[in-house]
Peer 1: 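Here you go, one structure.
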Amino acid sequence: MCPPACLLDMPELPEVEVTRRGIEPYVAGRRVQRVDVRNFALRWPVPATLARELEQRVIHKVERRGKYLLFELDDGWLIVHLGMTGTLRVLRNLPALPPAARHDHIDWIFDEFVMRFRDPRRFGAVLWHPRASGGVLEHPLLASLGVEPFSSAFSGTLLHRRTRGRTVSIKQALMAGDIVVGVGNIYASESLFRAGIRPSTPAGRVSLPRYELLADAIRATLAAAIDKGGSTLRDFVGSNGESGYFQLDYFVYDRAGLPCHACGVPIRHIVQGQRSTYYCTRCQR
DNA sequence: AGTTCCTCCTGCGGGC
DNA sequence: TGCCCGCAGGAGGAAC
C-alpha cells in the first residue's frame, strides 16, 4: 500500500499544470544566466549541451503537453517531465538560497531567482529540442500523444471510436496516453468512480453513452484537482524546499476496505497492469 | 496493431 | 535498534 507521503509526490496533469502556472510568471521573458547540472543521470541523460543551449537565452513562455512542460526559447525548447517524484520550484530568497540537497539535480539561475529541479527517484526527464529539428510537438516523446482532456477534440465519441475492438481494460486504456493524456493512476480510478464504470471492463465494450459520462468525469476530476492546486499555489513557489503538492479528498484511491462515500460498501483494491486500482463494487458496474 | 511484461530508482514499511 | 527484503509508480520500449 502506498504510504501517504508517497501520494504527495505523484505529479499527474493537474500537478504539472499547477507547476506551470506557478513558474511561468517568473521565468517568462527572463534570461537564463547560468545552468548548473549536478546529476545528468535522469530517465534519459541530460544533454551535455544543456547549459550551452540555455545560458544567456531568454525563455519566452511555458506551455504544457500532457505531463510535459515546454519552455520555449529562440533556438528551441527545454522539455521537462516530472516523472513520479519531480518538482520544479522557484527560490526567490537568493541570500538565503538553500544549498542543493542530495536530489536537487539542476538549477537554472536567473538574476533574481533560481529555478530548481528535484527528483529523488529520477524517473523525470530534462531534454533539449532544437528548433532546427522542427516544432517541439514533433519530438518523439510528444508526437504520438493523445488529445488534451480540456481540448474540444476530447469527447465521449473520441473515447468510443478509439476503443472499438480493444480488449484491454478501460482503466489501462485511459492510462496509456495514446487516446487522452494526463490521466494517471490516481485520476483514472477517480474518474471511473465518478462515471460509475468498473475499471476492469474491456475498453471495447463500454457504450457511447457511458463514454460521454466518462469524458465529463475526467474533465471534472482534473479540473477539481487543478482548482485545488491553484488555491495552494503559494506553497509551490517559495523559499523552502517542501514539496507543495496537493491532494484531493479521493473517492476511492488508496481507500481499500474503507466505506464508499456514496453507498458505504467497502472499496476494493485490485491490480491491473502492475498498478493499483480502487473501485466500489456497488457503484461501478 | 494490440497486449503484456520489464525496466529505471529511491524511500518506506514489514518482518525478524 | 537495525538490517534485509519487497513493493510502489510513469511510461517508454521490448517481446510476444
Side-chain angles (χ1 to χ4, degrees), chain A residues 1-17 19 38-46 64-69 79-88 100-106 117-127 129 137-149 159-191 199-206 218 222 225 241-243 245 247 250 252-256 269-278:
Chain A
M1 171 97 45
C2 191
C6 166
L7 300 180
L8 300 175
D9 285 335
M10 263 185 284
E12 295 203 22
L13 184 144
E15 288 80 359
V16 177
E17 176 60 20
T19 295
R38 287 173 290 271
N39 188 349
F40 287 83
L42 299 182
R43 175 162 193 184
W44 295 284
V46 176
R64 179 189 57 75
R65 178 74 175 96
K67 299 178 189 173
Y68 291 91
L69 289 166
I79 301 174
V80 176
H81 195 292
L82 300 176
M84 276 193 60
T85 55
T87 55
L88 269 183
R102 180 182 174 201
H103 300 300
D104 292 338
H105 305 310
I106 304 179
F117 177 75
R118 170 179 297 180
D119 188 6
R121 294 194 187 171
R122 292 193 274 130
F123 282 9
V126 174
L127 301 167
H129 181 77
L137 297 182
E138 295 174 37
H139 189 282
L141 292 171
L142 306 179
S144 58
L145 290 181
V147 303
E148 287 289 328
L159 289 173
H160 186 257
R161 177 167 55 80
R162 290 289 306 275
T163 52
R164 291 310 86 190
R166 301 278 299 272
T167 58
V168 70
S169 73
I170 176 58
K171 194 251 192 175
Q172 289 170 283
L174 284 182
M175 288 180 61
D178 57 334
I179 302 176
V180 58
V181 295
V183 184
N185 200 44
I186 296 175
Y187 297 131
S189 281
E190 293 297 293
S191 299
S200 55
T201 308
R205 289 209 225 116
V206 177
I218 288 170
L222 296 178
E242 298 309 306
S243 159
Y245 280 149
Q247 188 175 354
Y250 299 130
V252 291
Y253 187 80
D254 202 35
R255 297 194 64 244
H269 169 256
I270 60 173
V271 174
Q272 296 179 283
Q274 299 162 321
R275 292 292 175 269
S276 284
T277 299
Y278 302 85

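Letters A, B, ... mirror the listed sequences (proteins, then strands); counts begin at 1. Predicted model, so just to flag it, every value in this text is computed and none were measured. What's counted below: heavy atoms across the whole structure, side chains too, no hydrogens, waters or symmetry copies.
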Peer 1: Using a cut-off of strictly less than 4.0 Å, decide whether Y253(A) has a side-chain nitrogen or oxygen near OP1 or OP2 of dG9(C).
Peer 2: yes
Peer 1: Would you indicate what Q274(A) reaches in the nucleic acid, counting non-hydrogen atoms under 4.0 angstrom: base, sugar-phosphate, or nothing?
Peer 2: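 It contacts base atoms.
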Peer 1: Does the side chain of R275(A) get closer than 4.0 angstrom to OP1 or OP2 of dA8(C) through an N or O atom?
Peer 2: no
Peer 1: Indicate whether OP1 or OP2 belonging to dG9(C) is found under 4.0 Å from a side-chain N or O atom of S276(A).
Peer 2: yes
Peer 1: Q272(A) has an atom CD; how far is it from atom P of dG9(C), in whole Å?
Peer 2: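 Taking atom P of dG9(C) as the reference, CD of Q272(A) is at 12 Å.
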Peer 1: Would you say a side-chain N or O of K67(A) is under 4.0 Å from OP1 or OP2 of dG10(C)?
Peer 2: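 False: K67(A) side-chain N/O out of range (4.0 Å or more) of dG10(C) OP1/OP2.
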Peer 1: May I ask you to evaluate whether H81(A) reaches the phosphate of dG12(C), defined as a side-chain N or O under 4.0 Å from OP1 or OP2?
Peer 2: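 No, H81(A) has no side-chain N/O under 4.0 Å of OP1/OP2 on dG12(C).
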Peer 1: Would you indicate, yes or no, if dT10(B) has its OP1 or OP2 atom less than 4.0 angstrom from a side-chain nitrogen or oxygen of R122(A)?
Peer 2: yes
Peer 1: Can you list everything that forms a side-chain hydrogen bond (donor to acceptor under 3.5 Å, both in side chains) with K67(A)? Sequence neighbours excluded, please.
Peer 2: none
Peer 1: For the CZ atom of R118(A) and the NE2 atom of H105(A), what is their distance to the nearest 0.5 Å?
Peer 2: 9.5 Å
Peer 1: So, does Y68(A) get its side chain near the phosphate of dG10(C), meaning an N or O under 4.0 Å from OP1 or OP2?
Peer 2: no
Peer 1: Check the geometry between F123(A) and dA11(C) and answer yes if their rings are stacked (centres below 5.5 Å, planes below 30°), otherwise no.
Peer 2: no
Peer 1: Using the side chain to side chain contact (heavy atoms under 4.5 Å, CB included) definition, which of the options L82(A), T85(A), T19(A) pairs with P11(A)?
Peer 2: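 Exactly one pass, corresponding to L82(A).
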Peer 1: Can you check whether T167(A) has a side-chain N or O nearer than 4.0 Å to OP1 or OP2 of dT3(B)?
Peer 2: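 Affirmative; the distance criterion is met.
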Peer 1: Which residues pass the salt bridge (charged side-chain N to carboxylate O under 4.0 Å, His left out) test with R65(A), sequence neighbours left out?
Peer 2: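 Partners of R65(A) under the salt bridge (charged side-chain N to carboxylate O under 4.0 Å, His left out) test: E148(A).
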